[in-house]
Amino acid sequence: MTPSIPLSAQLINLFAAVILLLAFAMLAQRRMHSLVNLFALQGLALCLATLVAAVTTGQVHLYFSAGLTLLLKVVALPWILYRLVRQLNIKGDVEALINIPTTMLVGIGLVMVAFNVALPISELSHTITRGTLGIALAVIMLAFLMMITRQKAISQVVGFLSMENGLFLAATSATYGMPMVVELGIALDVLVGMIILGVFFFQIRDQFDSLDIRHMEKLKDS
Amino acid sequence: MDFFVLMLAIPLVSGALLTIVGERDWAPNLNVVASLGTFLAAVGLTGEIVANGPRFAFGEQFFIDSLNVFFVALTAFVGLTTSIFSGPYMKIERDRGRLTKPRLRLYKSMYQLFMFTMLAALTTNNLGILWVAMEAATLTTVLLVSLYRTPASLEAAWKYFILCGVGIAQALFGTVLLYFAAERVLGATGNALLWTHLVDVKSQLEPTIMALSFIFLLVGYGTKVGLAPLHNWLPDAHAEGPTPVSAVLSGLLLNVALYAILRCKVLADGALPEGYAGNLMIGFGLFTLLVAAFFLSRQKDVKRMFAYSSIEHMGLITFAFGMGGPVANFAGLLHMTMHSLTKSAIFFAVGHATQKTETQLMENIRGLIKINPLIGWGLMLGTLAILGMPPFGVFASEFMILTHAMKHYPWATPILLLALGVAFASIFGKVQAMVFGETTARRLPHAPAIMPVFLHLGIVLMLGLYIPPYLTRWFHEASRMLG
Amino acid sequence: MPGLLSLDLLLVAAAAWLALGLIGLFASRNQALVSQVLFPAGALVGLLVGVTGIAALGGDPQTAVLVIGLPDLPFHLRLDNLSAIFAILLGLTSAGISVYSAGYFGKGDVAGLGTLCLEYHVFLASMLMVLLADDAYAFMVAWECMALSSFFLVTTDHKHEEIRDAGFLYLLIAHIGAIGILLCFGVMTGGAGDYSFAAMRTQELAPFWTSAAFLLALAGFGAKAGLVPLHVWLPEAHPAAPSPVSAMMSGVMLKTAIYGLLRVSFDLLHTTVWWWGVVALVVGLVTALFGVLYATVQNDMKRLLAYSSIENIGLIAVAIGLTLIFHAYGMDALAALAMTAVLYHCLAHAGFKSLLFLCTGSVLHATKERNLGKLGGLIHPMPWVAWLALAGIIAGAGLPPLSGFVSEWLLLQGFLFSPGLPHPWLNMVVPVAAALVVLVAALAGFAMVKFYGIIFLGQMRDPALKDAHDAGPWEKVGLVWLALITLLLGVLPSTVILRLDAATRQLLGAGLSDTLNEQGWWMLAPISAERASYEPLIVLVTIAVVLLLARWLVRTLFHGRVRRSSPWDCGYHFEGPRAQDTAEGFSQPIRRIFEPVFRMQRHFPAARDKQPFYSVKVEDHFWYWCYLPIARLANRISAMIVTLQGGRIAVYLMYSFITLLVLLMVARP
Amino acid sequence: MISVSGFLGQAFAILLALVLAPLLSGWVGQCRAWFQSRSAPPLLLPYYMLQKLFNKEVVLAHNASSLFRAAPFVIFGCMVLACAIVPTLSTDLPFAPSADALALVGIFGLARIFIALAGMDIGTAFGSLGGRREMLIGFLAEPALLMVFFTLAMIAQSTSLATIVETLAHREPVIYPSLAFAGVAFTFVSLAENARVPVDNPATHLELTMIHEAMILEYTGRHLALIEWAASLKLYAYSCLGLALFFPWGIAPGDDILALIAAIPLLLFKLAIGGFLLAGIETINAKMRIFRAPEFLGIAFMLAVLGLLVRLLLEVRV
């Protein structure tokens, strides 16, 4: 460790750690409402991290990114999710396929894997936020794990969005942002995807009377 | 006007137009006309590229060279024939009450947008935009797959969305890593994701990052290609969507995803030790081929079976590109073409067949040749073609792949042959029973659009016996670019 | 340049066949045109092919490169003596079959005559292209076109499930065989990647790979030819197909496989190892014995002939084995003798087996019945067919003075000289193989007597058979043509062998023509008249003279009175058709003696049965030993693999995740 | 190449065969009767019978076909040809090159097929039964016979009967152990082929046991006469073949007229002995069940193969 880490880097690392922590929290969270809250918080942390990076590097489009994140991940998507949860009348706890302590253990293992995988890259990195790539990868993997273990369609989507957060973290903090066109495109895709999913939930509930994905195991070969 | 701009604008505009005007009597015709326009523009563009060489568009954001212009032409062509096919098909669906007017509107507009996203993905120079377009293509097709709104189609669409969404998220991470690697060489400019720039510096890219990046890209886009064990969405989506959608999914979308992998492979090959990317692809390809072949024998639903056949062929193509080198690349490109044309022709025939018999279950489809000889023969010949029987073109490409494998990867040959043999036994036994024999089905009054089937098969037949020199040249150039 | 002309002519012939087929497709409504014009025209083209082949014999190889094909590998064509021999076989046999088809398919109960016409002529053209192909791609394309067109021909009557199944099995095994052939070519390129035969000829291979190539060729071509254990399709497909098609498949298509095997083992591979010959010999013997034993117990007339084809292919393989053994030891004169037997038997079998299949076609048309148990006494309503079929069965039983005997004689002569081999084991074992060959030939006689006797002789087992009609004029012409071929091949062996010699010399560098030229044209003495000779013409003429003389003398010296009455039958008075041997009954001795060879399910009547009946079903052991286990294994594997697609999205995600993790951990550059 | 004397010899041999064949049958019958302490039929019985049959009207079954009527002539023709190529008196036979040992087997086979088909033609129970049994014996006997010929052909380096006999008769005497095996095998085959006890009984009229008789049950008049004559020709041919192959002494070489004349009484003597022995064999054996016949002929085949192996093992100097 170099003796003097700039404050901005320390801040970004902090936010990255918070995002990882929130990812763990989401993995452990049983209630749908809280899950969405946690997701919004994760978005906020992501936004702040981006902002710090923007301030540090002075790159204009990172400000845009931060704004976009704020708009999308902290405001729009949680709002849509809240509405869905309310309208679809999703009550009760989130059912996990694997019990939560086991999930946590697996999650810790995944973090170790992610850090290990990212280690050679971190050593190469010349940016001030060399550690964040590993964290981003860990967040992605945790989100993946969450998608695997959850049974409600909506929590799968939250997991998916959380994965998107991890990607954003990688894109903005580790590399100081992708080209603007790309980020806009990604954001648009995520938004449209979310809207389509929203429509989908209603159709799914109409057809299956539930958002439980265990009902959707009819198409198979075995 | 610029052919390229036209080619992208026509589907975009007509998609919007079709959304606005809604389902009218002339809407199917507009769909066909728009596809025809796209196709003509693509042909014009192709002519331009063949004559003048590669070109950029919209600054450097789009880049058309002999590799992707070939995919563009193919995509536009299959897009056109599918739109012709879907006219009568959708009419019958509406008459049968499976689709309402708003859904038909959705279908047509999404179809055009889907064409747009694919063409954009093929022509973009920016790997980020490539990702965006791929994601957009997923979104449009999710809507197309769920068009019937039946429980099964919703389930299929949901799985498609989630699996491909997750897959493509991994591709994005791969893209980020790629950017990360490129930034170290090219600096944090907007150019760091432009393929043309990356290619120039590909040997300077950091290998460790590139390796990681390629893994993510391969797994990510590979999900979309349908590489086993990431393929699980594919049979569901193919079987439950409307047949024209199955045709374009199989014939085009898989190709586009594979194209994305190919572009990335070129970069990975430059940065990584020789054979790294290739071996990964060979492994995936063989595994996919084998798994898909054994899946085939258990199928009951005809579209699902051909979906697995698509997986199988994607495995074969991935294997071919994995081997690399001009011959294998040539064979891979040829096989992609043949597979697109043949598989979409099969889906056309299957579409008509399932409409005539009102079922997708193969055991209930019998004696197609009695119901309509053209459909019966179309399906029979198409199946034989896809199974690699000469004189159809699929055999030509499989021959090249096999012979190349025998030369360079002899150990892989038995696996290839085993898989092809199992696939042959599984598919042919079932199709033969569907085509031949007696039937109880009535003849329906609707005239099917049988022309696209035989147009495709005719081309495939011709290419099996004779590949025109300009096409050869074009393929050679493209395969040389792939390294 | 007259040399180039033959190849060009053959190409024109192939194109003409294709054109005839296409005309047929588009004029399918005009049945008269298709049957009365197109098929006879096809026969003329066949004749042209035959004559061209004869003209091309002995000349230098002619080559051509077409524009079509793969970019790096356009179609290479080559006409040499070996191809010419088989082109003659194809042309002359198909001429007869095509003429016959004009009558057979003109009867108006064939749906889709146009498609059939196309398939039939594509079949012919692709067989010709197989013979001319000079690179692996062209060969494979022609080969598979042949398989495909014949598959469609086999399934012409696809209403019946067993016909569809037969077609499927046929195409499947053809495909497996094609894979073997492709692999063989791959091996023969030696990794150079040049798939033209010219390159393969010059390729030096390691001994292991040479042997691998040979074994692959044996398996690949054996699948098409019907060598055990890849024969299972043959007895299914031949009966399923319309009779002219069965005739074509059995008479000609099986020979293309022999052609391929000869091409690979004697032309493309330039070394020969003695044990290849042993392998071919053993496989051939097993095939021949198996084929003939099963032929004797069949109750379906076309199945019987199909198994008999297996037997004949087995004999050809035996002869090929012998040729390989002699060739490997450099005994070229003897190798030439055995090779002549191979080629001669190909020609002979093409003639008589097509003839017999066409005869079954006429019987089938006249009676709508394939089951031997319902036929009988057809010599009365169908004298033409019956007497021509007699020529077929005499040749098929390998008896003088017809064609089948000549090749068998040559083969046995070859065996007789095998003790000169420098290998003690071979010395001992190979002559015993000759005894088995004779056993096969004698059993073939049994099968042929059964075939002929049950169909044409005795009392009609079904009163409806009285209305059977003889073959029509077109059919008669076709039958007579093939019978003529059988006869001429039988009585003019030297003349024919002198022509075959061109191919033998090309492949082995030695031939029989020197010795034969010293003798008269009527005499066949491959080594010298002292050692062995055969003059079929004399045999035929002597028997005929004695026959006529005896008849004349008896009539002149005594009288020619004849009185008709009921048969005596040892005084028993029940003499209905049911008193005769049934098809099952006829083969009872064989079933009893060779019981372990068959897989039989028998039902015996019990003493108190209200409706006693006897039934026996003979099935193929190989089916249970080889094919079902493989099918079960494949089924089990796929049952295991389909669990991948269990329907659970979480599991699917897990696959994706695990794949990613594994790749991240393992795949480090 | 073809000498006049050769032609004369050939013609004489054929005539002799035609004349002697019924006599041989008669002789065997007479010997049998002696052995069995019966009063013997006249020696010339076969001739009387032929005479009678030729004079009789032919009674044909209603559904007898043209093949049925042609078959006796074909069979007769085959047998005459067979007799013509077996060296009986001299090895200088113009017909000899037309068919060697292998072709001879083929000619017998041709006759067999015709008689079996003729048996099936009327469509009675016994005819087809005889036909199938005949073919059964045939396919078992043929390989054994051929193995015998193979052994001999290896000794003589030729399959031409004339050459074989020439080699055996006129070279310096060598003891060939293989010939012993071959000889026994040949005897077995001959018994089976000529419908003798223990395989068949030429005198039987017990329907279920007969083979040859069952096939010709429906023949009458001149047809039957020809078939009977052909049967005796076959017996004659086989006897002469056996004599020529295993006891070749006295057969005239080339165109030696004197030797030819001397060969006649020798042949008669040898045939008389042979017929006597045949009758003896027929008397001391009982007829076997039909399904013992494969075993019997199987033994013949084994012996022939043993002969061949003995030949290869002991006699060939490589």
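Chain naming here is simple, since letters A, B, ... match the order of the sequence lines and numbering starts at 1 in each.
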What part of [X] gets closer than 4.5 Å to chain D, counting heavy atoms only: side chain, backbone, both or neither?
X        : result
C/Ile379 : side chain
C/Leu412 : both
C/Val562 : both
C/Leu548 : neither
C/Leu436 : neither
C/His559 : both
C/Arg592 : side chain
C/Phe586 : both
C/Ala397 : side chain
C/Ile590 : side chain
C/Phe456 : neither

Max heavy-atom pair count under 4.5 Å with chain D, selected residue of [options]:
options                                : value
C/Ile393, C/Val437, C/Val554, C/Leu416 : C/Leu416
C/Asp581, C/Val546, C/Thr296, C/Leu557 : C/Asp581
C/Val545, C/Val432, C/Leu457           : C/Leu457
C/Ala435, C/Gly376, C/Gly377           : C/Ala435

Check [X] against [Y] and note the closest heavy-atom contact, atom names and distance.
X        : Y        : result
D/Val59  : C/Ser565 : CG1-OG, 3.5 Å
D/Ala64  : C/Arg564 : O-NH1, 3.3 Å
D/Ser158 : C/Ala532 : OG-N, 4.3 Å
C/Ile543 : D/Cys78  : CD1-SG, 3.9 Å
C/Pro400 : D/Ala103 : CG-O, 4.1 Å
C/Val449 : D/Met135 : CG2-CE, 3.6 Å

Handout entry: Flag, side chain of D/Arg132 to backbone of C/Pro589, donor-acceptor distance under 3.5 Å
Key =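 Pair absent, no side-chain N/O of D/Arg132 close to backbone of C/Pro589.
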Practice task
Evaluate the ring planes of D/Phe54 and C/Phe558, with Trp represented by its six-membered ring, and classify them as parallel (under 30°), tilted (30 to 60°) or perpendicular (over 60°).
Solution key: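 Ring orientation of D/Phe54 relative to C/Phe558: parallel.
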Exercise for the section: Could you tell me whether the side chains of D/Ser66 and C/Trp387 share a donor-acceptor contact shorter than 3.5 Å? Expected result: yes
Please look at [X] and chain C and tell me whether the side chain, the backbone, both or neither of the residue comes under 4.5 angstrom of a heavy atom of that chain.
X        : value
D/Val74  : both
D/Phe301 : side chain
D/Ile107 : both

With rounding to the nearest 0.5 angstrom, report the [atom1] to [atom2] distance, [X] to [Y].
X        : Y        : atom1 : atom2 : answer
D/Leu60  : C/Ser566 : CG    : OG    : 12.5 Å
C/Leu439 : D/Leu146 : CG    : CG    : 11.0 Å
D/Ser98  : C/Ile538 : OG    : CD1   : 6.5 Å
C/His380 : D/His62  : NE2   : NE2   : 12.0 Å
C/Arg531 : D/Thr159 : CZ    : OG1   : 9.0 Å
D/Leu140 : C/Leu443 : CG    : CG    : 8.0 Å

Practice task
Tell me, with the steps shown, if C/Gln459 and D/Asn63 meet side-chain contact (heavy atoms from CB on, under 4.5 Å).
Solution key: CA-CA 7 Å; C/Gln459 302 181 52; D/Asn63 69 335; 3.3 Å; yes
Measure the shortest side-chain to side-chain distance between [X] and [Y] over non-hydrogen atoms and say whether it is less than 4.5 angstrom.
X        : Y        : answer
D/Leu102 : C/Glu408 : no
C/Arg555 : D/Arg222 : yes
D/Thr220 : C/Arg563 : no

Handout entry: Criterion side-chain contact (heavy atoms from CB on, under 4.5 Å) on C/Ile593 and D/Leu136, from CA distance to verdict
Key = CA-CA 10 Å; C/Ile593 297 172; D/Leu136 168 72; 3.2 Å; yes
If we define contacts as heavy-atom pairs under 4.5 Å, which of [options] has the most with chain C?
options                     : result
D/Gly221, D/Pro143, D/Gly77 : D/Pro143
D/Thr163, D/Ile75, D/Leu81  : D/Leu81
D/Ser160, D/Ser65, D/Pro294 : D/Ser65

Problem - Stepwise side-chain contact (heavy atoms from CB on, under 4.5 Å) test for D/Leu67 and C/Tyr452 - result: CA-CA 12 Å; D/Leu67 186 127; C/Tyr452 191 85; 4.0 Å; yes
All N/O donor-acceptor pairs, side-chain side in residues 108-118 of chain D, below 3.5 Å, sequence neighbours left out:
unit_1	atom_1	unit_2	atom_2	d
D/Arg112	NH1	D/Glu193	OE1	2.8
D/Arg112	NH2	D/Glu142	OE2	3.0
D/Arg112	NH2	D/Glu193	OE2	3.3

Practice task
Go through the steps to decide whether D/Asp100 and C/Trp409 satisfy the test side-chain contact (heavy atoms from CB on, under 4.5 Å), and finish with yes or no.
Solution key: CA-CA 10 Å; D/Asp100 62 354; C/Trp409 189 84; 2.9 Å; yes
Practice task
For D/Arg292, look at atom CZ and say whether over 12 heavy atoms of other residues, nucleotides or ligands are found less than 6.0 Å away.
Solution key: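 Counting neighbours around CZ of D/Arg292, 12 or fewer heavy atoms of other residues, nucleotides or ligands fall under 6.0 Å, so no.
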